[in-house]
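Following: one structure in structure tokens, then a few remarks.
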Protein chains: 2
Amino acid sequence: MDTVAQSSIISATQTAYSALRQMIVTGELRPGEKLKIENLKERLETGASPIREALSLLVSDQLVERLDQRGFRAAPVSHQNFSEILMLRCALEDMALRQSIAHADDAWEETIVLAHHRMARVDPADIPVFEDLHKTFHMAMLANCASPILLRYCSQLYDLNVRYRYLAGRSQNYGSRDVPGEHREILEAAAARNADLASSRLLSHYQQTGEFLRQLSEVPGS
Amino acid sequence: MDTVAQSSIISATQTAYSALRQMIVTGELRPGEKLKIENLKERLETGASPIREALSLLVSDQLVERLDQRGFRAAPVSHQNFSEILMLRCALEDMALRQSIAHADDAWEETIVLAHHRMARVDPADIPVFEDLHKTFHMAMLANCASPILLRYCSQLYDLNVRYRYLAGRSQNYGSRDVPGEHREILEAAAARNADLASSRLLSHYQQTGEFLRQLSEVPGS
DNA sequence: ACAATAATTAATATCGATATTTTAAGGAAG
DNA sequence: CTTCCTTAAAATATCGATATTAATTATTGT
């Protein structure tokens, strides 16, 4: 069969999953777009089975919808959906952050300082690198909450939100906002174990971004 | 190929998904148990592809775990996991119920009254029927919250919790508790649009069940 | 011309077979 | 007797092909 290819250690399904996820989050696959297996087989250079399985995984991440016997499509977007994501993120991350701080120890404090440092030193214009470190930073803040399911939900909602950021167009600068400063202040409050302050800063951070995105025109599905 | 079989309207994947879900929730497939495709092919009388896809869907429901290249297994259980589910359910259902009541209208009120009636009139000893109506009742209370993602999380957590009820053994009666009475009181508070009272009754309902289950011995995985 | 229906095309869902990888077993050496 | 390596068995992951189902186009009758 196929000579080398995905030989290595990682399965074709995982490869397809990561690639498709990336393509949907960045908007390369548009909201509502029909996801044809044949089509994706070529683009990802793999068989139908791994793609089908990857799409099934993405269904539960709410990035893909399965239509009865009519295959898959990228999840559609809407103002309503965006507002819901923002609202839920605030509620769940508030919960996670407070628990995280409640269990704070030196090791965790060092983790978040490091995650912040790594994010702060790269150029935010290098989107893929920055986005990755940005998520790592935010998740590190929550990671100490000892609630894997909650973390999973936060991670899912984070990705759904990032998708809207990409769809709104990444060339936007954030006006008069000092986003790095906001990050630093959230970090400082968390490191100081001040849950109320850290949470209020985090939620404000999200809501400002939410307000900003809300002003941009919605990207229509299909 | 196979003559009749899954002819009808519903796909083999959906059939396998429902069946496997049921088998895991009821404990027919034990926590931590290896889920061998060959094995399941026989039991469900279908091919490997639908089973594989169904298992992928269950992964995101957190009822199944995927191990690198070593297939699937039923999600393990633990006290910690149970506590987390209970905690999250209380937090998320509190949120959903309050929003549901905030949007209350006559149609919703009628829905929950009806759902309660249908649950109340069947014999709780008829487990499959009662469980179905019980979930329908609880979800109907939340359904008015206009937040599909939140509802989905609540539904997931509900199922994860039901699994623990099955694993703890369904023959248990709930001691001195008047569970039907608790349901009625939750319904009444919600119908009266008293969010604080309804929520406090709902959470107490869950926490009592939680305490009860916590006393039973944990079912070991594999 | 237009609706309804029939033929055609395209795409999905599923099967059966195969290559890869993991697990288990069996020896040989230390 | 234990450890490591080799070999055999089992199971997974994936492919290629096919039957089903949905979408599209052509056709016919009014």
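A, B, ... follow the sequence lines: proteins, then strands. Residue 1 opens every chain. This structure is a prediction, so every number in the text was calculated from the model and none was measured.
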Item to check | Closest to the K36(B) side chain, choosing from dC15(D), dT22(C), dA11(D) | outcome: dA11(D)
Checklist entry - Which heavy-atom pair separates S147(A) from E84(B) by the least distance, and what is that distance? => result OG-OE2, 2.6 Å
Item to check | Derivation and outcome, side chain to side chain contact (heavy atoms under 4.5 Å, CB included), residues L58(B) and Y17(B) | outcome: CA-CA 7 Å; L58(B) 287 166; Y17(B) 173 74; 3.6 Å; yes
Checklist entry - Shortest non-hydrogen contact from I186(B) to M141(B)? => result CG2-CE, 3.1 Å
Checklist entry - Does the side chain of T13(B) get closer than 4.0 angstrom to OP1 or OP2 of dT12(C) through an N or O atom? => result no
Checklist entry - So does T46(A) get a side-chain nitrogen or oxygen closer than 4.0 Å to the phosphate oxygens (OP1/OP2) of dT14(D)? => result no
Checklist entry - Looking for any heavy atom pair under 4.0 Å, which part of the strands does L35(B) touch: base, sugar-phosphate only, or nothing? => result sugar-phosphate
Checklist entry - OH of Y17(A) versus P of dT14(D): gap in Å, rounded? => result 15 Å
Next on the checklist: Tell me the interatomic distance from Q14(A), atom CD, to dT12(D), atom C1', rounded to whole angstroms.
Outcome noted: 14 Å
Item to check | Interatomic distance, K41(A) NZ vs dA11(C) C1' [rounded to whole Å] | outcome: 11 Å
Next on the checklist: If you only use heavy atoms from C-beta on, which nucleotide in dA23(D), dT12(D), dT22(C) is closest to the side chain of R70(A)?
Outcome noted: dA23(D)
Checklist outcome for this item: Picking from dC15(C), dT21(D), dT12(D), the nucleotide nearest the side-chain atoms of I37(B) would be dT12(D)
Checklist entry - What is the distance, rounded to the nearest whole Å, between atom CD of E42(B) and atom P of dG16(C)? => result 13 Å
Item to check | Minimum heavy-atom distance R163(B)-P76(B), with the two atoms named | outcome: NH1-O, 4.1 Å
Item to check | Nearest-angstrom distance from the residue atom CD of Q69(A) to P of dT14(C) | outcome: 7 Å
Next on the checklist: Salt bridge or not between D94(A) and R98(A)? Use side-chain N to carboxylate O under 4.0 Å.
Outcome noted: yes
Item to check | Distance in angstrom units between L44(B) CG and dC15(C) P, rounded | outcome: 11 Å
Checklist entry - For K34(B) and dT22(C), what is the distance between atoms NZ and P respectively, to the nearest whole Å? => result 12 Å
Checklist entry - When the distance from CD1 of I51(B) to P of dT12(D) is rounded to whole Å, what number comes out? => result 10 Å
